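Start at 1 and go down the list; that is how both ligands and their atoms are numbered. What you see is a predicted model, and the numbers here were worked out from it, not measured in a lab.
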Amino acid sequence: MNDFEPAIVAFFCNWCTYTAADLAGTSRLAYPPNVKIIRVMCSGMVDPKYVIKAFLGGADGVLVSGCNPGDCHYINGNYKARRRIKLLKEILPQFGFEPRRLRLTWIAASDGVLLAETVQELVVQLKELGPSEAKLKMVI
Ligand code: FES
């Protein structure tokens, strides 16, 4: 399926990754437009329900990204996010989703290049995986 363009829902921490996305834009770093960014104050506030809802709503991939370990503005939010994503990856198959569709990264505010590379890599990986299982089963 060569013309498949994955839809990605991205939850970006306001203080780090969202700023990196902003920097990528102002630095004119190109990255695929497949990503729909949702700004959250901390990766630790990304409730697992948000991720499941994104998948059930037709997302082909979900990216959660926050501050590097030790840099969370709310002390330990990113550690909470890491635990939640680990558990979500374990239960996603029970919803019929390939766990590789969910990715957690840490991207600092100054790292627009890493942001662009991360989105590009995820798009390539999702193209290999193909459309979301929800779309294929017409759950949505
Ligand atoms: S404030 Fe960025 S991950 Fe918590």
Side-chain angles (χ1 to χ4, degrees):
M1 202 176 276
N2 291 337
D3 57 350
F4 167 61
E5 288 295 335
I8 300 170
V9 174
F11 297 95
F12 287 170
C13 157
N14 175 65
W15 303 103
C16 293
T17 310
Y18 188 84
T19 306
D22 203 22
L23 177 62
T26 54
S27 305
R28 298 185 181 210
L29 296 169
Y31 62 89
N34 307 55
V35 62
K36 303 284 185 281
I37 298 172
I38 298 172
R39 178 163 54 170
V40 294
M41 290 309 288
C42 175
S43 62
M45 71 163 287
V46 178
D47 191 295
K49 287 182 294 202
Y50 302 167
V51 175
I52 299 292
K53 189 170 182 180
F55 279 121
L56 292 176
D60 299 297
V62 174
L63 174 61
V64 178
S65 187
C67 306
N68 283 294
D71 289 345
C72 175
H73 289 232
Y74 305 97
I75 301 174
N76 60 1
N78 47 8
Y79 294 120
K80 288 179 184 169
R82 184 165 60 191
R83 289 193 295 270
R84 287 179 182 155
I85 298 298
K86 185 175 186 294
L87 286 171
L88 269 167
K89 281 180 168 281
E90 289 177 18
I91 65 167
L92 275 179
Q94 296 178 31
F95 286 87
F97 295 105
E98 161 62 54
R100 286 179 293 167
R101 294 186 183 280
L102 174 61
R103 183 178 293 189
L104 173 67
T105 60
W106 313 129
I107 300 176
S110 60
D111 219 341
V113 173
L114 180 58
L115 183 285
E117 290 172 354
T118 300
V119 172
Q120 285 166 352
E121 285 172 17
L122 185 56
V123 167
V124 169
Q125 182 182 7
L126 291 171
K127 282 186 174 183
E128 290 171 3
L129 288 172
S132 160
E133 293 80 0
K135 286 179 181 166
L136 294 175
K137 293 177 185 170
M138 298 188 62
V139 171
I140 56 174

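Close contacts of ligand 1 with W15, meaning ligand atoms under 4.0 Å from a residue heavy atom, involve 1 (S). For ligand 1, the atoms lying closer than 4.0 Å to a non-hydrogen atom of C13 are 1 (S), 2 (Fe), 3 (S). Listed by number with element, the atoms of ligand 1 under 4.0 Å from a non-hydrogen atom of C67 are 1 (S), 2 (Fe), 3 (S). The atoms of ligand 1 that sit less than 4.0 Å from any heavy atom of M41 are 1 (S). The distance from ligand 1 to the heavy atoms of Y74 drops below 4.0 Å at these ligand atoms: 1 (S).
Proximity of F4 to P131: side-chain heavy atoms (C-beta onward) are separated by under 4.5 Å at one or more points. Residues V119 and N34 are not in side-chain contact: their nearest non-hydrogen atoms beyond the backbone lie 4.5 Å or more apart. Side-chain contact between L114 and W106 is absent, with no heavy atoms from C-beta onward closer than 4.5 Å.
Judged by distance alone, with hydrogens and angles left aside, the side-chain atoms of Q120 form a donor-acceptor pair with the main-chain N or O of A30 at under 3.5 Å. T26 places a side-chain N or O within 3.5 Å of a backbone atom of L23 that can act as its donor or acceptor partner.
Vertex atom 4 (Fe) of ligand 1, arms ending at SG of C42 and SG of C72: the angle is 100° after rounding to 10 degrees.
For the side-chain contact (heavy atoms from CB on, under 4.5 Å) with V9, the lone residue among V51, I38, V64 that qualifies is I38.
Of the protein's non-hydrogen atoms, the one nearest atom 1 (S) of ligand 1 is H73 N, 3.3 Å.
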